[in-house]
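Every number for a ligand or one of its atoms is a count from 1 in the order of the listing.
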Amino acid sequence: MSDKFDVIVVGAGPAGYVAAIRCAQLGLNTACVDDWVDADGKPSLGGTCLNVGCIPSKALLDSSEKVEQASHDFANHGISLGKVSVDVPKMIARKDDIVSNLTKGIAGLFKANKITSIHGRGKLLAGKQVEVTNGKKTATYSADNIILAVGSEPIAIPVAEVDNELILDNAGALDINAVPKKLGVIGAGVIGLELGSVWNRLGSEVTLFEAMDEFLAPVDKQLSREALRTFTKGQGLDIKLGTMVTATKANKKSVKVTYRVKDEEHTETFDKLIVAVGRRANTKNIAAADAGLKLDDRGRVDVDDQCRTNIDGVYAIGDAVKGPMLAHKGSEEGVFVAELIVGQKPHMNHANIPWVIYTHPEIAWVGITEEEAKAQGIKYNTGFFPFAANGRSLAMNEKGGRVKMIADAETDRILGVHILGPNASELISEAVLAMEYSASSEDIARTIHGHPTLSEAMHEAALSVTGRALHKVN
Ligand code: NAD
């Protein structure tokens, strides 16, 4: 193998592997360095997203949702099953199969695109070189361009040290092999809610400890209030806001959690405890000191709006740089940088990145919330439409949630769309596309939507911006 490439990508998560594929498509001699290994110690491409993040969590969310439906919803359809039983190891094995298929798929794509896959831990050296360490072996490669796509890791808190036996991070929480009777979760953010939902549906009694007084701070308030009601009163998650976990003690088979609400201290014992208090850029040891790579005040690689670091020819993308830690943001940055390297003039709109939380119902949004519009002094109109008035939604037995649209009062340009409801993750794409084309609410209102579909809720929310919704009183 030659040790000189046009591009070396460090990291094969959704940012890095996509960057490598796009570089190769553009005719660049590309290598991708990654050190992830699976449970059997075999290299596994795809990073956190494919191995222990987006994909395995969605596999378990889907399995657990089927259990929930079989246990509670089928009866509404006139279907009786008797007692539903769950084979957790089989459920976990299905998840592992999906992960294995997809990670092997990336290896196949690398091969097909003639990308050199190098297993080991990469470190940026001075002079656009990358040192790769694999066990005791070290090799050095050089390239005209280097893309750092090293991702993020869970934030550790001293009061709850992860052992992945009783106190789990996101990876451990995807491999529990029996339903814990009582499950505690520190952090009611995206990961806490998704994993808490999985085990709640499978029968755990789930308590989430959230330091902030506000539930899901980035979400539009109207929706986060309704979501909180649904998750607590409707689904039985115990979400304790304004709560600080001050100590944990792991015994042989349980974890004692001490927490403070206002000035009162309480304790509660759980069979397992998940820590999901955020993630941080994985930049420790990413570069030799004399490489001179600049990090920002939050330990992320410092980049400009074109993902360029302070070193000429060295770029950084994905969770390791500023912006939301979302796989699709990293992938798009990967494509952007590859095209930049070959002299194209790519474009990426960071203001228009969709967010999705895979609870049930799902939460998805793009653009600004009503609170942000107010804070920015923007004059705006809002429209909304409840799924309870959408025929398709009712046919699916989905009665909660809404689509909310925020449009500029003067120009009618759509500023934000917020969805709590069935398939919100898919529905949001219409809003993202509309905003990418600077559409007005009138544009969506004049667009013909199929009937009966969930997307009619988007159409009606757009009509509602100007008081013209047809299936609700405006
Ligand atoms: P998060 O930032 O979404 O939530 C962490 C929560 O923990 C916050 O609400 C925070 O207030 C709380 N918290 C922090 N310290 C605490 C403490 N000591 N006690 C109690 N609460 C505490 O982070 P996450 O859920 O860990 O997810 C990490 C990242 O991964 C996110 O940035 C997210 O973008 C990404 N992610 C995205 C998806 C998705 O797109 N569906 C899924 C999983 C993860």
Going by the order shown, which atoms of ligand 1 are within less than 4.0 Å of some heavy atom of Phe209? 20 (C), 21 (N)

Does this structure show an ion pair linking Arg260 with Glu264, if we count only N-O contacts that are shorter than 4.0 Å? no

Quick one: look at Val190 and ligand 1, take heavy-atom pairs under 4.0 Å, and tell me if it's side chain, backbone, both or neither. both

May I ask you to say whether Arg392 pairs ionically with Glu456, meaning some side-chain N is under 4.0 Å from a carboxylate O? no

Can you tell whether the side chains of Arg413 and Asp443 come within less than 4.0 Å, N to carboxylate O? no

Quick note on ligand 1: atoms under 4.0 Å from a heavy atom of Tyr358 include exactly 41 (N)

Which ligand 1 atoms, with their elements, are less than 4.0 angstrom from a heavy-atom of Trp355? 34 (O)

With nothing but distance in play, are any N or O atoms of Lys58 less than 3.5 Å from an N or O of ligand 1? no

Where is the nearest protein heavy atom to atom 7 (O) of ligand 1: which residue, which atom, and how far? Gly187 CA, 3.3 Å

Centre of Phe384's six-membered ring, under 6.0 Å away, within 45 degrees of the axis: is that where NZ or CZ of Arg402 sits? yes

Identity and separation of the nearest protein heavy atom to atom 35 (C) of ligand 1: Met325 O, 3.3 Å

Distance only, no hydrogens: is a donor on one side chain within 3.5 Å (strictly under) of an acceptor on the other, for Glu370 and His418? no

Salt bridge or not for Arg300 and Asp302, using N-O below 4.0 Å? no

So for Ala276, does at least one of its heavy atoms come nearer than 4.0 angstrom to any atom of ligand 1? yes

With distance as the sole criterion, is a donor-acceptor pair present between the side chains of Glu362 and Ser425 under 3.5 Å? yes

Mark up the atoms of ligand 1 that fall under 4.0 Å of a heavy atom belonging to Met212, in ascending order. 11 (O)

Looking at Glu65 and Arg201, does any basic side-chain N land under 4.0 Å from a carboxylate oxygen? yes

Heteroatom proximity flag, Leu326 to ligand 1, N/O under 3.5 Å: no

Between Glu268 and Lys182, is there a side-chain N and carboxylate O pair less than 4.0 Å apart? yes

By number and element, which atoms of ligand 1 are closer than 4.0 Å to a non-hydrogen atom of Glu194? 41 (N), 42 (C)

Write out the residue and atom name of the closest protein heavy atom to atom 28 (C) of ligand 1, then the distance separating them to 0.1 Å. Arg279 CG, 3.4 Å

Tell me the protein heavy atom at minimum distance from atom 10 (C) of ligand 1, and give that distance in Å. Glu210 OE2, 3.4 Å

Protein contact to atom 16 (C) of ligand 1 [nearest heavy atom, distance to 0.1 Å]: Val277 CG1, 3.5 Å

Identify the closest protein heavy atom to atom 21 (N) of ligand 1: which residue and atom is it, and at what distance? Ala211 N, 3.1 Å

Checking Asn251 side chain against Lys253 main chain: does a donor-acceptor pair fall under 3.5 Å? no

Checking Ser152 against Arg280: is there a side-chain donor and acceptor pair closer than 3.5 Å? no

Among all protein heavy atoms, pick the one closest to atom 39 (C) of ligand 1 and tell me residue, atom and distance. Val356 O, 3.4 Å

Hey, looking at atom 24 (P) of ligand 1, which of Ala160, Gly278, Ala188, Gly53 has the closest heavy atom? Gly278

For atom 25 (O) of ligand 1, which protein heavy atom lies nearest, and how many Å away is it? Ile191 N, 2.8 Å

